[in-house]
Amino acid sequence: MSRKSVSLVGLVLLCWHASLTEQRLQGIFKDPKEPIDERVKDLLGKMNLEEKVGQMTQIERKNASAEVLKSYFIGSVLSGGGSTPKVNATVKEWVDMVNGMQQASLSTRLGIPMIYGIDAVHGHNNVMNATIFPHNVGLGVTRDPQLLKEIGAATALEVRATGIPYAFAPCIAVCRDPRWGRCYESYSEDHRIVQQLTEIINGLQGEAKTDMKGMPYVNGKTKVAGSSKHYVGDGGTVKGINENNTIVDDSALYGMHMAAYVNSVAKGIATIMASYSSINGVKMHAHKQLLTDYLKGKLGFKGFIISDWEGIDRITSPAHSNYSYSIQASINAGIDMVMVPYNYTEFYDGLIDLVKKNAIPMSRIDDAVSRILRVKFAMGLFENPLGDYSLINEVGSQKHRELARQAVRKSLVLLKNGKPGNPPILPLPKNAGKIVVAGSHANNLGYQCGGWTIEWQGVSGNNWTAGTTILDGIKATVDQRTKVVYKKKPSDTYSSKGKMDYGIVVVGEVPYAETNGDSQNLTIPAPGPAVIENVCKETKCVVIIVSGRPVVIEPYVDKIDALVAAWLPGSEGQGVADVLFGDYGFTGKLARTWFKRVDQLPMNYGDPKYDPLFPFGFGLETKPIPSTKKPEL
């Protein structure tokens, strides 16, 4: 045979081998008509150890260069609180960033798309001009599952509009102590309200028509994968200290703190995030009995369990002091994806080394990766990996803002309405002669939104995002002839300087998140108490508390004519004015006990020594007054 013939045969064989390789790589996993678990099995069989470990790695966007995504086969990227493409990034710039990263992932050998995640805990709160809904502490007041479903759907649409398919929400903690800095992320001290409001999952992910029996369910390109968090018992820590130990018996653990996870799994929640906290001394990130035996075993959860930010590092004390042990303990316990988020090479190399040493069995790696792939297939990420630019205008849409305004109205709780022997003061007349609005929170959009807004710890001022302050809402509601005067910090002689018909004082907590919000005194920061004193001593006054939880208010109640808990209402402050002036009635009922003194804490409905200032379920009501058109001047 001639040399030319041999070369030709060799070329044919090479092409045939290349064709077989291409067919093998295409395989079943590329076909959306195939059952999800068949696709998972096919793709898993094509992956090497490095690719598997890459899928289990979630890194912060600051590290997510194309080179890193391709070299480490990264499975997921996230934005931490306040982490954006740039300051004041537009929606298009978000989509550009996510799509650019996705293109890098798709160019790897198997083309497995990464999943981008973000904390969208009260709307798409990292993004400028997004709709910011009330925090969960206010939404719990509404006891309205349909409203929560609509909020979930609106949030999902705004998240998807930025090219992101994964939201770290909802928080289904049962906060049992308001000293906890994350209490505003909890719907209620009552697990039944928390269970009821897992309906938000059906808005975020889409509504499955049957019990999903643990299978993840995400219905289409306008929905996101959700993450119920923080598993489990995060709201029950000793003295409300963040990331602390929760001491519980089985009745409280499974009957209270676990209850909403059962609902979440039935609704097809895609992921569940482990808690920093411990259960009876065992760190949740290393709790095999609860992560694997109970959640994956007894409850049949088939999505993936994700760690919290550097969560596995905190298995040891001090954190990160024995990282190899932390990797081994967390993965063997049942963590599937690790939110590294920065030291990805140490995690990646460490996990590979532990597998090669048989400290972590390959079966555990295969289980983790199968769960991650199952979620990606279930949400259609292989078929639609890129963000859709046609959704850009959904962010901060008027429809969503109207929904948020409705949520504000329903979340307000009227705690007092008139001094003893006097008629009710609310609703206020729109045609009053002069209204003085005072306090640090009346004209501060950042303060009324709270933590987890634009930045992790929240912001101050009105230049960070779009919305309506409570002051602006008041001005837009009253009669054109009513004089509204704003004094952030009126002096102790201010009220005697001129006649005013009403004073509206808006004070409360400054924004915080997580451990920074832990408080053992729960007092209203200065000058809030002085503002209440100065305005209320000589005029009829309404005090509006903007806070993430009940605070110490008993010393001032007798001086106040009307008292309103507004919680953290978000971007649509007009909703407060809607109810204050009677366009809508007060309907909200406390979903948290309002204590008298901090030395009573923890104190929850049903406790033997229950002596609150305002009990769980309390809330005065008013009727809307007939609307009248503002007279022309």
Side-chain angles (χ1 to χ4, degrees), residues 37 56 168 170-176 186 190-192 194-195 198 201 205 208 211-217 225-238 243-308 311-312 314-315 326-339 360-361 363-372 374-375 378:
D37 279 352
M56 296 171 68
F168 305 133
C171 178
I172 54 173
V174 182
C175 176
R176 302 290 287 175
S186 168
D190 185 341
H191 69 86
R192 292 167 296 183
V194 179
Q195 287 180 273
T198 58
I201 294 169
Q205 298 192 159
D211 185 332
M212 289 302 294
K213 301 188 184 304
M215 283 292 288
Y217 180 84
S227 186
S228 289
K229 63 183 188 182
H230 305 83
Y231 184 85
V232 58
D234 51 339
T237 59
V238 175
E243 305 180 21
N244 201 7
N245 189 27
T246 297
I247 301 171
V248 281
D249 58 18
D250 282 356
S251 175
L253 175 60
Y254 295 105
M256 181 190 301
H257 294 290
M258 188 70 75
Y261 287 96
V262 177
N263 300 86
S264 297
V265 171
K267 287 179 167 65
I269 193 69
T271 78
I272 289 175
M273 185 181 292
S275 177
Y276 288 124
S277 56
S278 305
I279 292 289
N280 298 327
V282 180
K283 289 280 190 181
M284 275 309 308
H285 277 75
H287 207 309
K288 185 176 184 295
Q289 179 188 346
L290 289 174
L291 293 173
T292 296
D293 300 345
Y294 192 83
L295 180 58
K296 294 179 177 180
K298 185 172 177 111
L299 294 188
F301 175 62
K302 297 179 180 65
F304 67 81
I305 300 175
I306 186 169
S307 83
D308 209 330
I312 72 168
R314 304 185 199 185
I315 290 172
S326 292
I327 296 172
Q328 181 177 336
S330 61
I331 301 302
N332 281 336
I335 299 291
D336 301 308
M337 180 181 282
V338 174
M339 192 183 294
I360 297 175
S363 60
R364 174 75 271 273
I365 300 299
D366 286 348
D367 173 62
V369 177
S370 294
R371 290 168 176 278
I372 294 164
R374 185 178 294 125
V375 169

So, for [X] and [Y], which heavy atoms are closest and what is the spacing to 0.1 Å?
| X | Y | result |
| --- | --- | --- |
| Ser277 | Asn244 | CB-O, 3.1 Å |
| Ile269 | Pro170 | CD1-CD, 4.4 Å |
| Lys302 | Arg374 | O-NH1, 2.7 Å |
| Ser307 | Met339 | OG-N, 2.9 Å |
| Val174 | Met256 | CG2-O, 3.8 Å |
| Ile306 | Ser227 | CG2-OG, 4.1 Å |

Mind checking the [atom1]-[atom2] spacing from [X] to [Y]? Nearest 0.5 Å is all I need.
| X | Y | atom1 | atom2 | answer |
| --- | --- | --- | --- | --- |
| Ser278 | Asp234 | OG | CG | 12.0 Å |
| Ile360 | Gln328 | CD1 | CD | 6.0 Å |
| Phe304 | Met273 | CZ | CE | 9.5 Å |
| His191 | Ile172 | NE2 | CD1 | 12.5 Å |
| Arg314 | Met284 | CZ | CE | 15.5 Å |

Without swapping roles, check the side chain of [X] against the backbone of [Y] for a donor-acceptor pair under 3.5 Å.
| X | Y | result |
| --- | --- | --- |
| Arg371 | Phe301 | yes |
| Ser228 | Ile272 | no |
| Ser186 | Ala173 | yes |
| Ser275 | Val232 | no |
| Thr198 | Ser264 | no |
| Lys229 | Phe168 | yes |
| Ser330 | Ile327 | yes |
| Thr271 | Gly226 | yes |
| His285 | Asp308 | yes |

Is there a side-chain contact between [X] and [Y] in this structure, where contact means two heavy atoms from C-beta onward sitting under 4.5 Å apart?
| X | Y | answer |
| --- | --- | --- |
| Asn332 | Pro361 | yes |
| Lys296 | Leu291 | no |
| Met212 | Val265 | no |
| Lys298 | Tyr254 | no |
| Gln205 | Lys267 | no |

If you apply the rule salt bridge (charged side-chain N to carboxylate O under 4.0 Å, His left out), what do you find for Asp336 with Arg364, and how did you get there?
CA-CA 9 Å; Asp336 301 308; Arg364 174 75 271 273; 2.5 Å; yes
So Tyr261 and Tyr231, would you call those rings parallel, tilted or perpendicular, with 30° and 60° as cut-offs?
perpendicular
Of Asn280, Thr246, Ile279, the one forming a side-chain contact (heavy atoms from CB on, under 4.5 Å) with Leu253 is Ile279
Does the side-chain contact (heavy atoms from CB on, under 4.5 Å) test come out yes or no for Ile331 and Val338, once each step is laid out?
CA-CA 9 Å; Ile331 301 302; Val338 174; 3.9 Å; yes
